[in-house]
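Nothing fancy with the numbering, it's 1 onward along the sequence. The basis for the numbers below is simple: all heavy atoms, side chains too, and nothing from hydrogens, waters or symmetry mates.
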Amino acid sequence: MFRFFVIFFFFGIAVNAQILSEKDRAGLEDEILEDRFTNLLPKLMDRTGLDMWVLISREYNEDPVLKTMLPATWLNARRRTILVFYRDKQKDTLERLAVARYNIGDNIASAWDPESQPDQWKALLEIIEEKNPNKIALNYSLDFALADGIVKTDYESFLNILPEELKAKVVSAEELAIGWIETRTAKEMKLYEDLVALTHEIIAEAFSENTIVPGETTSKEIVWWLRQKVTNLGLETWFHPTVDIQRQEEALKDHIEAFSSGYEDEVIRPGDLLHCDFGITYLKLNTDCQQHAYVLKPGEAEAPEFLSQALSKGNKLQDILTANFKTGFSGNEILLASLNQAKEEGLRPSIYTHPLGLYGHSAGPTIGMWDSQGGVPGTGDYKLYPNTVYAIELNTTVNIPEWGKDIRIMLEEAGFWGEDGFRYVNGRQKKLLLIPSK
């Protein structure tokens with residue numbers, strides 16, 4: 001049994017995390033994958049009513065779902081890799097077959113002998129005819145990119161080998177593919193707690209006097225500090241971080257400028273309200289976090305109360321959104337209920353929460369986009385299922401009379417929806433970080 005561990009040694013609040021070796025990471029990743037194949041996939045196939053799932057990929061052009069099924073020592077598919085999962089619900093069995101020259105690690109055995117059947121497509125057809133499934137599910141989807149992994153040539157080649165009676169059984173694997181991507185196991189959630197904690201620790205170090213010298217350090221220097229910190233830890237960032245500044249004398253940027261044009265490089269000064277957007281990847285999981293910090297002016301020991309109250313309004317919007325989570329509700333239903341409630345309670349909200357897990361912008365119900373606050377067709381119509389993780393991403397605009405302007409409180413934290421309701425994976429920001437910190 002491999003164990004995930006992160007050990008922190010503090011000097012001030014500097015983070016030095018001991019990350020698993022590549023060998024131990026591989027062992028843990030494969031252990032988790034075996035658990036998902038054995039205990040999760042049969043339930044998902046039963047839930048979606050699919051008894052055969054066929055995934056087809058070629059090296060360096062992998063189906064996003066198939067890529068998550070490869071063992072840790074397979075960084076890519078090999079040649080053409082075909083996976084077949086056949087579920088016999090009556091016998092309570094799930095066969096995992098590879099129509100490939102190689103076993104796919106220890107989890108999926110090769111079911112193709114090229115010496116007796118040189119044609120890979122015909123070998124696949126023989127398996128399908130032997131199993132005689134009720135449905136043959138392929139990864140194609142209009143709305144979900146991560147469930148749309150079969151390429152045109154493979155799709156056409158596959159259909160060309162099927163007799164008409166089998167072509168009639170071909171269906172989209174959309175809901176099964178999404179279920180595989182979005183559902184988190186108990187083993188994964190134990191890792192997630194530590195991974196989000198590490199994300200918080202890195203942000204705390206970035207937004208500290210150990211890293212920022214007011215009047216000298218720029219916002220872009222903190223962006224590249226974040227990138228380098230993650231690299232030094234032996235991890236990866238799944239998107240380029242941002243660090244931006246709101247201050248009294250500068251007007252609030254509109255959403256289009258803020259979200260599409262990026263942020264200029266600015267020298268950080270006392271009295272600034274800082275904000276970052278940052279996420280890391282480790283053991284096939286991703287984090288996504290936005291937090292705020294305040295740069296103390298000379299003589300200040302705390303952030304101004306009006307900024308602390310603004311942050312509280314962001315927390316209130318988080319509470320409204322997560323209280324509207326209900327299994328079986330669509331992303332659009334959750335979005336509209338939350339926006340209506342927030343406006344009734346005097347907030348000026350914008351919600352753009354997304355699934356989080358094996359991918360940063362993952363598969364599952366989209367709960368708004370910053371430029372689509374009336375609902376998101378397709379991905380917003382997908383229903384909420386338990387044992388799923390979301391980046392609770394949103395903002396509220398707050399008027400600050402002391403500054404004579406509006407500011408925007410932008411927050412993002414990983415949250416888990418389970419059988420017992422909602423919880424944050426590793427807490428959330430409820431107080432501004434302070435520079436210099438107390």
Would you say [atom1] of [X] has more than 12 non-hydrogen atoms from neighbouring residues, nucleotides or ligands within 6.0 angstrom?
X: Lys431; atom1: NZ; answer: no
X: Asp106; atom1: CG; answer: no
X: Glu34; atom1: CD; answer: yes

Would a 4.5 Å heavy-atom cut-off, applied to side chains only, mark [X] and [Y] as touching?
X: Leu252; Y: Thr397; answer: yes
X: Glu216; Y: Val267; answer: no
X: Leu356; Y: Ser362; answer: no
X: Ile392; Y: Tyr424; answer: yes
X: Leu347; Y: Lys316; answer: yes

Working to the nearest 0.5 angstrom, can you tell me the gap between [X] [atom1] and [Y] [atom2]?
X: Glu205; Y: Ile222; atom1: CD; atom2: CD1; answer: 10.0 Å
X: Phe278; Y: Thr242; atom1: CZ; atom2: OG1; answer: 11.0 Å
X: Ile203; Y: Cys276; atom1: CD1; atom2: SG; answer: 4.0 Å

- Query: When Thr281 is tested against each of Tyr359, Trp238, Phe239 for side chain to side chain contact (heavy atoms under 4.5 Å, CB included), which residue passes?
  - Reply: Trp238
- Task: Taking all heavy atoms of Phe85 and all of Met45, pick out the closest pair and write down the distance.
- Result: O-CE, 3.7 Å
- Check against salt bridge (Lys or Arg N to Asp or Glu O under 4.0 Å), Asp244 and Lys253: CA-CA 11 Å; Asp244 59 282; Lys253 295 181 179 181; over 6 Å; no
- Query: Quick check, are the ring centers of Phe325 and Tyr390 under 6.0 angstrom apart?
  - Reply: yes
- Message: Is it the case that the ring center of Tyr382 lies less than 6.0 angstrom away from the ring center of Phe144?
- Response: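 For Phe144 and Tyr382, the ring centres are under 6.0 Å apart.
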- Query: Are the side chain of Asn139 and the backbone N or O of Gly149 linked by a donor-acceptor pair below 3.5 Å?
  - Reply: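 No, because the side chain of Asn139 does not come within donor-acceptor range (under 3.5 Å) of the backbone of Gly149.
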- Does the distance from a Lys or Arg side-chain N to an Asp or Glu carboxylate O, for Glu188 and Arg36, drop under 4.0 Å?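 A salt bridge is present here (some side-chain N lies under 4.0 Å from a carboxylate O).
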